[in-house]
Amino acid sequence: MSVVPYKDSNDSKKEQVADMFDSISGKYDFLNRLLSGGVDIYWRKKALSMIKDRTNNLVLDIATGTGDLAIEANKILQVDKIIGVDISEGMLNVGKEKIKKLGLTDKIELQMGDSEKLLFNDNTFDTVIVSFGVRNFENLLKGLTDMCRVLKPGGTCLVVEFSKPASFPFKQFYWFYSTKILPIIGKLVSKDSSAYSYLPESVKAFPDGKAFLDVFEQAGFKETSVKTLTFGICSIYLGKK
């Protein structure tokens, strides 16, 4: 059964995820920094540094949210243009304001878009990137397959996603924090009681590590690899078309 933010709702996962991110968009960046202790910034930088020597002229940032990965990619990669897509209008509005303030509107363009039905031609992008977004796909294989479709042959796909730490005592500490502490802080700040309960539930249900690589390869990617960070809380997946 698919993990969804609002269990009493009859809406699809996609609709619920869009509503959830619209609801927390104003507090999202603040909560990200607070709840991760800023380590999410390190994860994005580390991931992008792994592909900086590849061709990254035209980049697609999937589930771009408020544009954090796109902004970081503009700093680290040699890009001509980054297009970010997301299903949450609230998150995109916050991202557009950030990009405007940074003077990056000529380099980064954010637009509404469904990651499982991308409105781009085949073989368009040099690089497709996504951080903490594939976990929210309604259909993981469908989303990854469409990402592969819009990527140029030989292009790179970079996925950053939460994973499940396995070693004692960090595993126990992580699950206590994410299921007991994080939802309380998230609710207090964002006023959405479901959003930060959904996060650990979605991490627990997500196929990480080898299981993700199996789906990644099924979607058409080759030369796949995974690197774990911070005791296994986060994983970086790489694939080529």
Do [X] and [Y] share a hydrophobic cluster (ILVMFWY, side-chain heavy atoms under 4.5 Å, transitive)?
X	Y	result
Leu48	Leu104	yes
Ile129	Val215	no
Met20	Leu188	no

Given Lys81, Lys241, Lys152, the one that forms salt bridge (charged side-chain N to carboxylate O under 4.0 Å, His left out) with Asp126: Lys152

Heavy-atom pair with the smallest gap, counting every atom of [X] and [Y]:
X	Y	answer
Ser163	Cys234	OG-C, 3.4 Å
Ile24	Ala195	CG2-CB, 3.9 Å
Ser178	Pro200	O-CG, 3.1 Å
Thr64	Asp61	OG1-OD2, 2.7 Å

Within the supplied structure, the quantity of interest is the number of heavy atoms (other residues, nucleotides, ligands) at a distance under 6.0 Å from [X] [atom1]; does it exceed 12?
X	atom1	value
Tyr177	OH	yes
Asn10	CG	no
Lys227	NZ	no
Lys240	NZ	no
Phe170	CZ	yes
Gln78	CD	no
Lys96	NZ	yes
Asn121	CG	no

Kindly compute the distance separating [atom1] ([X]) from [atom2] ([Y]), expressed to the nearest 0.5 Å.
X	Y	atom1	atom2	answer
Thr105	Leu110	OG1	CG	10.5 Å
Leu119	Lys117	CG	NZ	9.5 Å
Asn57	Leu77	CG	CG	10.5 Å

Whether Phe212 and Tyr237 hold their rings parallel, tilted or perpendicular, with breakpoints at 30° and 60°: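 The rings of Phe212 and Tyr237 sit tilted, inter-plane angle from 30° to 60°.
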
Phe132 and Trp43 aromatic ring geometry - parallel, tilted or perpendicular at 30°/60° bounds: tilted

Side chains of [X] and [Y]: closer than 4.5 Å at any heavy-atom pair?
X	Y	value
Glu72	Lys75	yes
Ile108	Val79	no
Leu158	Leu238	yes
Pro207	Leu140	yes
Val94	Tyr28	no
Val39	Thr230	yes

Side-chain H-bond candidate by donor/acceptor type, Tyr6 with Asp192, under 3.5 Å: yes

Under 3.5 Å donor-acceptor, [X] side chain and [Y] backbone:
X	Y	result
Glu116	Glu138	yes
Thr127	Thr55	yes
Arg44	Val160	no
Lys107	Ile82	no
Tyr196	Thr179	no
Asp208	Lys164	yes
Glu161	Arg135	yes

Cationic N near anionic O, under 4.0 Å, Asp146 to Lys142: no

Residue pairs, two or more places apart or on separate chains, that pass side-chain hydrogen bond (donor to acceptor under 3.5 Å, both in side chains) and touch residues 83-92: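 Pairs touching residues 83-92 that pass the test: Asp22-Ser88.
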
